[in-house]
Each structure stands twice: as C-alpha cells, then as structure tokens.
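Residues take their numbers from the sequence shown, with the count starting at 1.
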Amino acid sequence: MQTVALIFALAAAALHVLIFAMESVLWRRPAIWQRFNVADQAQADATAQLAYNQGFYNLFLAIAAVVGPILVWAGADVAGWTLTITAVASMVAAACVLTTLGKEFVRPALTQGVIPLAALVLGILAIA
C-alpha cells in the first residue's frame, strides 16, 4: 500500500506540474485560458500575473510531492511521509476551496483533487 500511495503522490505532482505550465508559462494562449473559463484575451492578459503566481504555488506543491516519496524510498520515512502527506493534503484542501467558487468549479476541483486524495488516504493507511 505504501508504494501505491507514493505513486499516487507522484501522479498528483505530475498533474500539478502540468497546471503550473498552463498557468505560469502558457497562460496567454487561448486554448489554455479557455480551459479556466476566462472570457477573452483581454481578461487573460489582465489575470496573467495572478495565474503566474498561482502556477508557482502548484509547482511548489508538486516539488514537495516528489521529494517526499524520494525521501521515503531513501529510508528517511518520517521526513518523507511528512512532506508527502503535507503536499497532497494541501492539494486536496485547494481542490475543496475551488468548489466554493460555484458549481462550474466542481469538475476542475475533482480533476485537481481526486489523485492527491487517493495518495492521502492510502498514505495515512500505510503509515498508521
């Protein structure tokens, strides 16, 4: 179960790296900002700095969700699990916050939150 939990954490990290790329690198492309329900290029340009910052939050969570499993596999269980659980729990919490914006954000919240939720539940079961 431990390995499966860590693999889910790595999958969550990969998803958050993708989100980072969309928000911080590719934001001004119509195919990207349309995925985030942005109305037009002017609104995308107006929100570009916010998206850039938000993307880096996702990247930092992804880094923690990668380093945690590496530490566990290297034998530093306490540090590794602490980092992994903190990272995926933060991802789940962010997905929950996203749902507070309205019904149209439930699907993106599920996309963002289901994989880290699996990592969180399996990780807690693995270390309990």
Side-chain angles (χ1 to χ4, degrees):
M1 186 173 323
Q2 174 177 310
T3 300
V4 176
L6 296 174
I7 289 170
F8 270 102
L10 293 172
L15 174 62
H16 280 72
V17 168
L18 176 63
I19 295 168
F20 155 76
M22 289 189 295
E23 292 177 336
S24 296
V25 179
L26 306 171
W27 183 255
R28 293 179 192 263
R29 295 182 183 184
I32 300 302
W33 52 256
Q34 288 170 350
R35 294 175 143 243
F36 291 86
N37 295 323
V38 174
D40 53 36
Q41 189 67 50
Q43 187 180 12
D45 292 341
T47 59
Q49 290 178 329
L50 295 171
Y52 181 79
N53 185 56
Q54 184 63 35
F56 274 92
Y57 273 88
N58 284 298
L59 179 63
F60 300 145
L61 287 173
I63 291 169
V66 169
V67 173
I70 289 170
L71 290 173
V72 171
W73 287 323
D77 286 356
V78 173
W81 279 112
T82 300
L83 196 53
T84 301
I85 295 297
T86 300
V88 297
S90 295
M91 292 173 182
V92 171
C96 290
V97 169
L98 190 56
T99 65
T100 67
L101 297 176
K103 292 179 185 177
E104 66 271 21
F105 291 95
V106 171
R107 183 172 182 226
L110 290 171
T111 299
Q112 173 181 317
V114 168
I115 296 171
L117 179 61
L120 179 62
V121 170
L122 292 171
I124 290 170
L125 291 173
I127 62 176

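A 4.5 Å side-chain heavy-atom check between Leu59 and Ser24 finds every atom pair outside the cut-off. Val25 is listed as a side-chain neighbour of Phe20, based on a closest heavy-atom distance under 4.5 Å. Gln34 is not listed as a side-chain neighbour of Arg29, based on a closest heavy-atom distance of 4.5 Å or more. Side chains of Trp81 and Leu6 form a contact here, defined as non-hydrogen atoms less than 4.5 Å apart. The side-chain heavy atoms of Phe36 and Ile32, taken from C-beta on, include a pair separated by under 4.5 Å.
When the side chains of ILVMFWY residues are joined at heavy-atom separations under 4.5 Å, either directly or via intervening members, Met22 and Val17 end up in a single hydrophobic cluster. Residues Trp27 and Tyr52 share a single hydrophobic cluster, defined by chaining ILVMFWY side chains whose heavy atoms lie under 4.5 Å apart. Clustering ILVMFWY residues whenever any of their side-chain heavy atoms sit less than 4.5 angstrom apart, transitively, puts Tyr57 in a cluster other than the one holding Val97. Under the 4.5 Å side-chain heavy-atom criterion for ILVMFWY residues, a single connected hydrophobic cluster contains both Ile115 and Leu125. Connection of Phe60 to Leu50 is not established within any shared hydrophobic cluster, with ILVMFWY side chains joined at heavy-atom distances below 4.5 Å, either directly or through further cluster members.
Scanning all heavy atoms of the two residues, the minimum distance from Leu10 to Pro69 falls at CD2-CG, 4.0 Å. In terms of heavy atoms, Ala5 sits closest to Ala119 at O-CB, 3.7 Å. Taking every heavy atom of both residues into account, Val66 and Ala13 meet most closely at CG2-CB, 3.6 Å. The two residues Thr82 and Val78 come nearest to each other via the heavy atoms OG1-O, 2.6 Å. Nearest heavy atom pair, residue Val92 against residue Pro116, reads CG2-C, 3.7 Å. Considering every non-hydrogen atom in both Gly68 and Leu83, the closest pair reads N-CD2, 3.7 Å.
Between the side chain of Asn58 and the backbone N or O of Gln54 there is at least one donor-acceptor pair closer than 3.5 Å. Proximity of a side-chain donor or acceptor of Gln41 to a complementary backbone N or O of Arg28 within less than 3.5 Å is detected.
A distance of 9.5 Å separates CD1 in Ile124 from CG in Leu122, rounded to the nearest 0.5 Å. Note that OG1 of Thr86 is 10.0 Å distant from CG of Leu61, once rounded to the nearest 0.5 Å. Taken from CG in Leu117 to CZ in Phe8, the straight-line distance is 10.0 Å, to the nearest 0.5 Å. Atom CD1 of Ile7 is separated from atom CD of Gln2 by 10.5 Å, given to the nearest 0.5 angstrom. With rounding to the nearest 0.5 Å, the separation of NE2 in His16 from CE in Met91 is 4.5 Å. Taking OG1 of Thr99 as the reference point, atom CZ of Arg107 lies at 16.0 Å (rounded to 0.5 Å).
Within a 6.0 Å radius of CD in Glu104, other residues, nucleotides and ligands contribute more than 12 heavy atoms. The local environment of CZ in Phe105 is crowded, with over 12 non-hydrogen atoms from other residues, nucleotides or ligands closer than 6.0 Å.
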